[in-house]
Amino acid sequence: MNDIAEDDNDDFPKPQGELALQTIAMPADSNSDGDIFGGWLVSQMDLAGAVCANRLARGRVATVAIDSMVFLRPVAVGSVISCYTHVEDIGRSSMAIIVEVWAQHHSDTEPRKVTEGQFTFVAIDENRRTRPVPRTA
Ligand SMILES: CC(C)(COP(=O)(O)OP(=O)(O)OC[C@H]1O[C@@H](n2cnc3c(N)ncnc32)[C@H](O)[C@@H]1OP(=O)(O)O)[C@@H](O)C(=O)NCCC(=O)NCCS
């Protein structure tokens, strides 16, 4: 188990960071048993991380790495999927962003964390060359 999984307990029940993306898990995103594909969740997480990175970089970014990923619970079709992001680190051109996914089915009383991962994005220019992340004053 890694640190991310250890953080997921009843003492740590609230999402960390800002809501970056919200959608609904549809039947087309599921396998034959009705559980949502992990790859679809990773795709939503990449989009959510990019929303955060675009804002930080004030422009184009590319995903360079997914440094950790943990799937904590299965996701049912029809669940509302909420992706939260918080910035772990900013380098010259890179931004490490933690993305948490929380899911709530209509039969659930409250959302539960289902996935968490660290995504690294790089700020790039129109020629796909790296560029510095702007520093806020
Ligand atoms: C992103 C890309 C432009 C970076 O180019 P590069 O030649 O690796 O650039 P650098 O070696 O200078 O690394 C740039 C930054 O990324 C970081 N980085 C590179 N590889 C990394 C990795 N595997 N994990 C974490 N950070 C990494 C570097 O540490 C550096 O950070 P810093 O500028 O904050 O110090 C290039 O790798 C690329 O185009 N990759 C494909 C991106 C892509 O298609 N993504 C999927 C769709 S968006």
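Read the numbers this way: they start at 1 and go in the same order the structure lists the ligands and their atoms. Index from 1, following the sequence.
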What do the steps show when you test Glu18 against Arg55 for salt bridge (Lys or Arg N to Asp or Glu O under 4.0 Å), and what is the final call? CA-CA 12 Å; Glu18 296 181 8; Arg55 181 171 44 78; 3.6 Å; yes
Problem set entry | Results of salt bridge (Lys or Arg N to Asp or Glu O under 4.0 Å) for Arg129 - residues two or more places apart only |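 By the salt bridge (Lys or Arg N to Asp or Glu O under 4.0 Å) rule, Arg129 matches Asp125.
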Smallest heavy-atom separation, Ala48 atom then Ala20 atom, equals O-CB, 3.7 Å
Is it true that Thr120 and Asp67 share a donor-acceptor pair across their side chains at a distance under 3.5 Å?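 Note: Asp67 and Thr120 side chains meet the donor-acceptor criterion.
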Please tabulate protein-ligand N/O pairs under 3.5 Å for ligand 1, atom names and distances to 0.1 Å.
unit_1	atom_1	unit_2	atom_2	d
ligand 1	31 (O)	Ser94	OG	3.3
ligand 1	33 (O)	Ser93	N	2.9
ligand 1	33 (O)	Ser93	OG	2.6
ligand 1	34 (O)	Arg92	N	2.8
ligand 1	34 (O)	Ser93	N	3.1
ligand 1	34 (O)	Ser94	N	3.0
ligand 1	34 (O)	Ser94	OG	2.6
ligand 1	45 (N)	Thr63	O	2.9

Worksheet item: Does Ser94 have any side chain to side chain donor-acceptor pair (under 3.5 Å) partners at least two apart in sequence or in another chain, and if so, which?
Response: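 None.
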Going by the side chain to side chain donor-acceptor pair (under 3.5 Å) test, which pairs reach into residues 36-53, not counting sequence neighbours?
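Every side chain to side chain donor-acceptor pair (under 3.5 Å) pair that includes a residue of residues 36-53, provided the two are not neighbours, is Asp29-Trp40, Asp46-Thr63.
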